[in-house]
Amino acid sequence: MSNERYNAKVVEPKWQEAWNAAEVFRAERDEREKYYVLEMFPYPSGRIHMGHVRNYTMGDVVARYKSARGFNVLHPMGWDAFGMPAENAAMEKGVHPGDWTYKNIDDMRAQLKPMGLSIDWSREFATCDPEYYGQQQAMFIDMMEQGLVYRKNAVVNWDPVDMTVLANEQVIDGKGWRSGAVVERKELTQWFFKISEYSEELLAAIDGLKDWPEKVRIMQANWIGKSRGVEIDFDMTEAAYGVEVVTCYSTRPDTLHGASFLAISPDHPLAKALEADREDVAAFNIEARKGGTTEEAMEKAEKLGFDTGLTVHHPAEDRALPVWIGNFVLMEYGTGAVFGCPAHDQRDLDFARKYDLMVRNAFFVPGDDTDVGREALVPEKTLKVSYVNHFAGVTDASAEDAINTTIDWFVAKCKGRETIKYRLRDWGVSRQRYWGCPIPVVHCDSCGVVPEKKENLPVALPKDVSFETPGNPLDRHPTWRDVPCPKCGKPAKRETDTMDTFVDSSWYFARFTAPRAETPTVMADAEYWMNVDQYIGGIEHAILHLLYSRFFARAMHMTGHLPPTATEPFNALFTQGMVTHETYSTPGKDGRPVWRTPDEVRLMEAGAELIATGEAVDVGPVIKMSKSKKNVVDPEDIIDQYGADTARWFVMSDSPPERDVEWTASGAEAAWKHLQRVWRLTDEAVQTVIGQEPSADEALALQKATHRAIQDVTDGIEGFAFNKSVAALYQFTNTVAKSKAGRAAKLSALKTMAQLMQPMTPHLAEEVWAATGGEGLVAQAPWPKVDPALLEDDTVTLPIQINGKRRDEISVSKDLDKAALEALALENAAVQKALNGGSPKKVIVVPGRIINVVV
RNA sequence: GCGGGCGUGAUGGAAUGGUAGACAUACCGGACUUAAAAUCCGGAGGCCUUAGCGCCGUGCGGGUUCAAGUCCCGCCGCCCGCACCA
């Protein structure tokens with residue numbers, strides 16, 4: 001016996017070279033049915049992490065499996081390469097964002113390749129390649145022509161020191177995260193995509209996304225936020241500032257009887273007219289507009305109101321309502337004005353209590369239409385029939401029916417219109433930054449906004465920029481910025497805004513189908529490869545990235561860059577869980593914990609200690625691997641120590657793919673031991689001297705176990721339950737190890753095992769395949785077929801229940817019919833005892849499953 | 001507040017309404033070894049002055065069913081998403 005250890009360091013590069021030499025993963029259009037697998041492409045931070053390993057291994061399992069199943073598989077890889085970290089690095093280290101990014105891509109590719117992923121690297125690109133973003137600019141121009149792009153003024157967070165626009169998450173306590181300067185709200189003219197025009201379409205099409213997680217579908221639907229209601233006109237008792245009518249939007253018009261005031265936004269036209277005239281209003285509005293746009297700020301902000309002294313008529317009753325300005329009313333939603341119904345809305349109640357406004361019950365309680373007490377009533381849980389319903393003739397109904405009836409009643413009786421509103425806003429894509437895709441337009445004094453000529457694309461980023469002065473370097477780059485107008489040729493200026501990086505990632509999946517084309521896509525390629533059959537990535541992209549991509553697929557169809565069959569980009573979506581790890585810390589001087597990496601810590605039976613000093617270590621909760629808590633394990637170290645197959649096997653085992661998986665040293669060790677064991681079994685089988693007496697029974701048993709394994713591993717992969725496939729392979733390995741079958745039978749079992757392991761541990765699989773006499777590469781071998789006859793045993797063990805409790809079991813031939821099984825069960829000693837001479841009330845026989853005797 | 005999900009051994013987790021705890025980790029015992037590692041074999045949900053053909057057991061309380069971790073109703077706990085959205 002050679003008892004040679006499996007050496008991943010030697011074996012893995014060997015097979016990777018063999019795959020490359022045979023161009024096994026090269027995807028070309030052909031006669032076969034296609035299958036497009038895609039994992040969300042990475043941002044080139046410079047290092048791969050365990051989350052990448054898990055994400056790409058899942059995709060690789062699917063890709064290799066589908067390939068074995070006879071599909072023509074497309075499995076590409078690229079880089080989401082524009083974005084702020086490159087500019088931050090430029091400012092901190094003085095490197096050019098492009099140099100920094102391409103260096104990171106090289107580093108990450110070098111870390112990724114040893115994983116042995118079945119990727120067609122010939123299709124690789126980065127979104128910061130001018131060949132990519134130039135095509136994106138072409139599409140931008142096409143979208144302008146289709147009316148999908150427009151400019152408008154929008155308020156942004158402006159950092160006056162860094163001279164830059166900040167995203168909400170970059171504003172901390174009202175200050176810029178980098179400069180610490182107090183953030184100002186500034187109005188800028190910005191570019192928008194008309195995604196809101198697709199609100200209904202994007203919402204309705206969610207129903208067709210059958211293979212998306214329910215959770216993501218709900219999140220998208222909520223984000224689009226469709227609501228049905230009524231716009232109600234409130235006539236002013238006396239026109240003021242030319243305003244005669246204030247229109248409110250309401251989804252609960254049935255509470256109109258409870259209306260006791262109107263509240264308008266400080267940005268409502270009426271409020272603005274008042275503020276121009278009256279200093280007290282102006283002062284209030286300044287106060288009311290303060291406060292950040294973050295959730296936290298909104299939560300804490302106090303309700304502020306200002307009584308304008310103006311009044312409106314109640315549309316259905318003979319009384320007047322005061323008009324207030326309220327800081328809680330958003331101009332961006334509805335009409336910027338609401339009627340307050342304090343009796344049935346906590347927010348309105350708070351406001352009414354503070355300013356001593358009337359609280360009127362809108363619901364039908366005879367003899368009680370005044371005050372309802374401290375808490376607002378919730379209509380659904382109390383009374384379903386509002387006064388308005390009552391007037392409309394509804395006596396009892398669900399809240400939804402009541403609202404529908406009321407809307408009809410309203411439109412007939414009052415000045416109101418049924419209205420559908422969406423929460424989804426247009427997508428602002430302007431970023432005042434350098435490291436992004438330049439918006440390909442020119443501003444000309446004579447011609448206005450002019451798109452760049454397509455033959456001049458790409459509008460490439462200039463290389464000679466400096467980040468020493470704050471602000472957008474494009475803005476102060478005269479030779480790049482000052483260009484002739486594409487239309488009239490007079491001196492003009494380029495747009496210096498670049499696009500949101502979400503634009504880059506909204507169509508990369510389509511570009512992979514023809515990555516080197518001179519147009520954004522090639523119709524024949526898009527028709528063949530689109531849609532993505534299986535998309536895999538993190539839940540954190542459940543809304544924005546996926547919604548933008550869905551919008552883009554439609555926009556690309558409209559501009560002729562995708563066929564109508566590809567309006568939905570991703571047929572199936574899978575959102576994988578995170579890789580987690582325990583956290584380790586030692587007490588720091590200031591009482592705050594000093595985080596320690598797993599490398600620094602020795603785990604003991606109770607507790608843990610620092611390897612270097614023996615100092616006691618606190619073992620903290622298991623959380624997502626993150627640099628700040630130092631609970632990270634570098635995939636490169638694991639691959640170095642154990643090989644890629646071990647890392648791949650570990651991240652596929654134990655936890656279901658949609659849940660978090662905890663990385664543990666013992667788990668990694670176990671994965672490695674298992675792979676060693678498989679190799680040892682193979683080696684032993686190969687070294688077995690022929691001439692022993694093989695047992696036919698043993699060979700058959702092994703064959704049956706093989707087919708059971710084929711079935712279970714297949715089910716696991718098909719059901720996206722890779723942990724079950726792994727468990728089935730463990731079980732199969734145990735069976736092979738214990739089997740007394742002869743050499744040929746064992747080699748045959750191991751050869752099938754190689755095929756079943758191939759999606760998860762491709763290198764070891766090749767080695768086992770070669771050793772057991774497999775032809776060619778197992779990566780190109782077809783998936784093994786199950787023989788259903790071998791899944792069944794001739795005898796089965798059936799539990800016998802008495803009154804539903806298991807009391808005994810019998811071993812019977814699988815062919816016995818119900819009557820025979822019943823007879824056997826009644827003869828059973830335990831049953832006899834329970835019957836005590838009597839006869840059973842009932843006997844339930846489920847052949848192959850169970851026998852239950854009811855006494 | 002609204003919406004969604006999840007509660008099973010020490011741990012990660014299995015289980016078309018049909019033998020709960022597959023598989024793995026950690027643990028315990030044995031073999032091999034001078035010893036350790038590696039490897040191999042075995043044990044293991046809980047309870048019991050009755051060790052059995054025993055009783056109990058999938059967050060808690062009810063229900064449906066011959067049969068419930070699984071279905072229904074009501075609680076409790078945890079996690080996630082959204083939210084001055086009218």
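These numbers come from the heavy atoms of this one structure, side chains and all, not from hydrogens, waters or symmetry mates. Lettering of chains follows the sequences in order, A, B, ..., and the numbering in each one begins at 1.
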Which of the following nucleotides, rC23(B), rU25(B), rC66(B), is nearest to the side chain of S666(A)?
rU25(B)

Please report the distance separating the C1' of rA86(B) from the corresponding atom of rU70(B), rounded so that it comes out in whole Å.
42 Å

Under 4.0 Å: is that the gap between some side-chain N or O of K805(A) and OP1 or OP2 of rU19(B)?
no

Residue K303(A), side-chain heavy atoms: nucleotide from rC85(B), rC84(B), rU19(B) that is nearest
rC84(B)

Identify, between E332(A) and D654(A), the residue whose nearest nucleotide on RNA chain B lies closer to the 5' end.
D654(A)

Do any side-chain nitrogens or oxygens of N828(A) fall under 4.0 Å of OP1 or OP2 in rC53(B)?
no

Between N734(A) and R677(A), is any pair of side-chain heavy atoms under 4.5 Å apart?
yes

If the glycosidic angle is within 90 degrees of 0 it's syn, otherwise anti, so just tell me which one rG54(B) is.
anti

Answer yes or no: does atom NZ of K704(A) have more than 12 heavy-atom neighbours from other residues, nucleotides or ligands under 6.0 Å?
yes

Hey, does the side chain of R806(A) come within less than 4.0 Å of rA20(B)'s phosphate (OP1/OP2), counting only N and O?
no

Just N and O in the side chain of R659(A): are any of them under 4.0 Å from OP1 or OP2 of rG13(B)?
yes

Among rA86(B), rU19(B), rC23(B), which nucleotide has an atom closest to any side-chain atom of Q731(A)?
rC23(B)

Nearest-Å distance once atom P is located in both rG63(B) and rA51(B):
35 Å

For rG4(B), does OP1 or OP2 lie under 4.0 Å from any side-chain N or O of K215(A)?
no

Sugar-phosphate only, base, or nothing, as touched by E662(A) at under 4.0 Å among non-hydrogen atoms:
nothing

Parallel under 30°, tilted from 30 to 60°, perpendicular over 60°: which one fits the rings of F351(A) and W324(A)?
perpendicular

Under 3.5 Å for both donor-acceptor distances, Watson-Crick or wobble: does rG1(B) have a partner, and if so which one?
rC82(B)

Hey, does the side chain of Y333(A) come within less than 4.0 Å of rA86(B)'s phosphate (OP1/OP2), counting only N and O?
yes

Quote, to the nearest angstrom, the C1' distance that separates rG46(B) from rU58(B).
13 Å

Quick one: is R423(A) getting a side-chain N or O under 4.0 Å of the rC82(B) phosphate, OP1 or OP2?
no

Under 4.0 Å between any heavy atoms, over every strand shown, what does R425(A) touch: base, sugar-phosphate, or nothing? Just pick one.
base

Check whether any side-chain N or O of N723(A) sits under 4.0 Å from OP1 or OP2 of rA14(B), and answer yes or no.
yes

For I539(A) and K738(A), find the nucleotide of RNA chain B closest to each by heavy atoms; which residue's nucleotide sits nearer the 5' end?
K738(A)

It should be established whether R849(A) places a side-chain nitrogen or oxygen under 4.0 Å from OP1 or OP2 of nucleotide rG17(B).
no

In plain terms, say whether K624(A) and D660(A) are close enough for a salt bridge, that is, a side-chain N and a carboxylate O under 4.0 Å apart.
no

